[in-house]
Chemist: 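Structure below; questions to follow.
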Amino acid sequence: MHRDKIELLLDRSETGFLVNSTEKMEKQRVNGGEFNQCSDEVQHVALDIGGSLIKVVYFSGNDCGSFEEQETSSSKGRLDVPNGNQNYCVLKGKLHFMKFETRKINDCIEFLSSKKFRCHDDLHHEDHTSDSHIVKATGGGAFRYADLFKEKLGITLDKVDEMDSLVAGANFLLKAVKCEAFTYMDDKKDYVQIDHKDLYPYLLVNIGSGVSMIKVDGDSKFERVSGTSVGGGTFWGLGKLLTKCKSFDELLELSHGGNNRVIDMLVGDIYGGSDYSKIGLASTTIASSFGKAVSENKELEDYRPEDVARSLLRMISNNIGQIAYLNALRFGLKRIIFGGFFIREHAYTMDTISVAVNFWSNGEAKAMFLRHEGFLGALGAFMNYKREGLADLMSHLLVEQLPKGSIVADLNGNDSIHCSVRISN
Ligand SMILES: Nc1ncnc2c1ncn2[C@@H]1O[C@H](COP(=O)(O)OP(=O)(O)OP(=O)(O)O)[C@@H](O)[C@H]1O
Ligand SMILES: CC(C)(CO)[C@@H](O)C(=O)NCCC(=O)O
């Protein structure tokens, strides 16, 4: 089968459209009876089908006169440019990011089928062959739902390894996007521009339903060194049972107004209000998450759901921060980069993780976060359309393309950014 190289050039970003997928689809339904209100042609789609969420990254363009330069090719939307021995075309358009709950996979399928779907290979083969409808997909769902996608959409999922995708997505963002990584402490966000030559090694901690910890040593050089089943799925699953919240966002919102000290047993609760300074524990340090519930004669209903949500968030974030730090220590890594949809740029979550890393490492290691944290796997799968050898060139171009100091959209919801896709023949 014919395969091309694709590279991605980010032009600038847009803010806006922070609606959830269901809302967005409903709006489109109301407006026109179907999803495809926007006439953008979807050309390249990549999926990350996880245990909780499906992340979709797709490129659309060419219908709104959105070419950088005039079309010269017979193929609509293609600009063929000679590049040494190679021809390539540049398509200008938008890179879209969407998420769906995995349990509502039919919404995702319906959404994809509503789009004017044009596969990667179709750009070169007007005469579609049956195997041209191939979509890059990663995550466990690429295996679990392969038959469903074939049956409902006639799409063959081309499986890309989940860890490969996470690392490719993270490296791409760290190299290509200005102000991608930041630290977060005491409500203060500080962007960190990491020198490309000084990027490796780092520990990538992806907090999805479960948590994977990956030591990254180079472009495709990495090892999954640890993981924990106490992750985002645990927070959402336990939180749902304990608070009766109907959505993750509701649970997160609830935790804003909570006080964990109502339920957590602090060092001071055990030590009569004092610190245990001999071993470096302040009276305010949590000695036992949810520990107060043991000694108090209370039922679940006697606690405010806000406080329960807060304790739970703190317990899980702390635990992940601690395990991450221990793994960083194991391999002498100073930089720990957190991704995954659990974080959602939520201040309290990031603060708790940062404090945990700072506390355990005595200030030696740093927790960092990524603005596009939830889409690492999907971006990595998208990048897999690109074949060998273009990574350096691509990241160079990407940095060049971004205006200095530009503010890039928060892509934790559904959003899009302007970009160009360069396709080598
Ligand atoms: N709208 C949402 N609905 C459900 N979970 C959400 C939502 N937003 C954030 N989350 C959190 O994100 C987690 C899923 O994150 P992510 O999408 O990165 O992982 P995943 O790919 O589904 O999981 P895994 O990689 O373990 O298969 C959930 O467990 C939950 O904690
Ligand atoms: C199983 C995966 C990789 C699926 O994304 C993830 O949920 C995970 O890393 N879970 C933690 C499993 C463990 O290492 O204990």
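None of the values given here were measured: they were computed from a predicted structure. Remember, it's 1-based here, ligands and their atoms both numbered in the order they're listed.
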Chemist: Salt-bridge test for Arg314 and Asp264: reply yes if a basic N is under 4.0 Å from a carboxylate O, no otherwise.
Modeler: no
Chemist: Is it true that Tyr271 and Tyr276 have ring centroids separated by less than 6.0 Å?
Modeler: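 Yes, close enough.
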Chemist: Between the main-chain N or O of His196 and the side-chain N or O of Lys175, is there a donor-acceptor pair closer than 3.5 Å?
Modeler: no
Chemist: Below the 3.5 angstrom mark, is there an N/O of Gly233, backbone or side chain, next to an N/O of ligand 1?
Modeler: yes
Chemist: Any Lys/Arg nitrogen of Asp249 or Arg344 sitting under 4.0 Å from an Asp/Glu carboxylate oxygen of the other?
Modeler: yes
Chemist: How long is the straight-line distance from OG of Ser354 back to NZ of Lys188, given to the nearest 0.5 Å?
Modeler: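 One gets 12.0 Å once the value is rounded to the nearest 0.5 Å.
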Chemist: Would you say Ser317 and Thr352 are linked by a side-chain donor-acceptor pair, where the criterion is simply a distance under 3.5 Å?
Modeler: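 No, because no side-chain N or O of Thr352 sits under 3.5 Å from a partner of the opposite role on Ser317.
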Chemist: Below 3.5 angstrom, do we get any N/O pair linking Phe248 and ligand 1?
Modeler: no
Chemist: Minimum heavy-atom separation for Phe338 and Ile320, please, with both atom names.
Modeler: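 For Phe338 versus Ile320, the nearest heavy atoms are CE2-CG2, 4.2 Å.
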Chemist: Judged by atom type as modelled, is there a donor-acceptor pair below 3.5 Å linking the side chain of Thr102 to the main-chain atoms of Leu53?
Modeler: yes
Chemist: Would you say ligand 1 has an N or O under 3.5 Å from any N or O of Gly232?
Modeler: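 Checking ligand 1 against Gly232, an N or O pair does fall under 3.5 Å apart.
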Chemist: Given the side-chain rings of Tyr58 and Phe97, with only the six-membered ring counted for Trp, is the space between their centroids under 6.0 Å?
Modeler: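 Between Tyr58 and Phe97, the centre distance exceeds or equals 6.0 Å.
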Chemist: Identify the residue among Phe375, Phe248, Trp236 that makes a ring-ring contact (aromatic ring centres under 6.0 Å, His included) with Phe341.
Modeler: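 By the ring-ring contact (aromatic ring centres under 6.0 Å, His included) criterion, Phe341 pairs with just one of Phe375, Phe248, Trp236: Phe375.
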Chemist: At what distance, to the nearest 0.5 angstrom, does CD of Glu306 lie from CG of Leu251?
Modeler: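 It is 11.0 Å, given to the nearest 0.5 Å.
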Chemist: Counting heavy atoms only, name the option from Gly227, Gly141, Gly377, Ser209 that's nearest to atom 23 (O) of ligand 1.
Modeler: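 Looking at heavy atoms only, the winner is Ser209.
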Chemist: Going by the atom numbers of ligand 1, which of them fall below 4.0 Å from some non-hydrogen atom of Gly51?
Modeler: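 Listed by number with element: 20 (P), 22 (O), 23 (O), 24 (P), 27 (O).
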Chemist: Under 4.0 Å, counting heavy atoms only: does Gly210 come that close to any atom of ligand 1?
Modeler: yes
Chemist: Atoms of ligand 1 less than 4.0 Å from Lys99 heavy atoms?
Modeler: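 Per the distance check, 1 (N).
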Chemist: Looking at ligand 1, would Phe235 count as a contact under a 4.0 Å heavy-atom criterion?
Modeler: no
Chemist: Quick check on Glu162 - does any of its heavy atoms sit under 4.0 Å from an atom of ligand 1?
Modeler: yes
Chemist: What protein heavy atom sits nearest atom 3 (N) of ligand 1, and how far off is it?
Modeler: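 Minimum-distance protein heavy atom for atom 3 (N) of ligand 1 reads Leu53 CD2, 3.6 Å.
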Chemist: Test your reading of the model: is there a side-chain donor-acceptor pair from Asn319 to the backbone of Met315, 3.5 Å cut-off?
Modeler: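 Between the backbone of Met315 and the side chain of Asn319 there is no qualifying donor-acceptor contact (under 3.5 Å).
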Chemist: Just need the protein heavy atom nearest to atom 8 (N) of ligand 1, so name the residue and atom and give the distance.
Modeler: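 It is Arg344 NH1, 2.5 Å.
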Chemist: If I compare all heavy atoms of Ala293 with all of Tyr303, which pair ends up nearest, and what's the gap?
Modeler: CA-OH, 3.3 Å
Chemist: I want to know if ligand 1 touches Phe341 in the polar sense, i.e. an N/O pair below 3.5 angstrom.
Modeler: yes
Chemist: Which protein residues come within less than 4.0 angstrom of ligand 2, counting heavy atoms only?
Modeler: Glu162, Met163, Gly210, Val211, Ser212, Arg224, Gly227, Thr228, Ser229
Chemist: Which residue holds the protein heavy atom closest to atom 19 (O) of ligand 1, what is that atom called, and what is the gap in Å?
Modeler: Gly208 CA, 3.1 Å
Chemist: Which atoms of ligand 1 sit under 4.0 Å from any heavy atom of Gly340?
Modeler: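 The atoms of ligand 1 under 4.0 Å from a heavy atom of Gly340 are 18 (O).
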Chemist: Taking both backbone and side-chain atoms of Asp48, is any N or O found less than 3.5 Å from an N or O belonging to ligand 1?
Modeler: no
Chemist: Any idea which atoms of ligand 1 are less than 4.0 Å away from a heavy-atom of Lys55?
Modeler: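 Numbered from 1, ligand 1 contributes 16 (P), 17 (O), 19 (O), 20 (P), 21 (O), 22 (O).
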Chemist: Should the pair Lys189 and Phe182 be classed as cation-pi, given the thresholds of under 6.0 Å to the six-membered ring centre and 45° from the axis?
Modeler: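 Satisfied, under 6.0 Å and within 45°.
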Chemist: Looking only at protein heavy atoms, which one is nearest to atom 22 (O) of ligand 1, and how far off is it?
Modeler: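 In this structure, atom 22 (O) of ligand 1 has Ser52 N, 2.8 Å as its nearest protein heavy atom.
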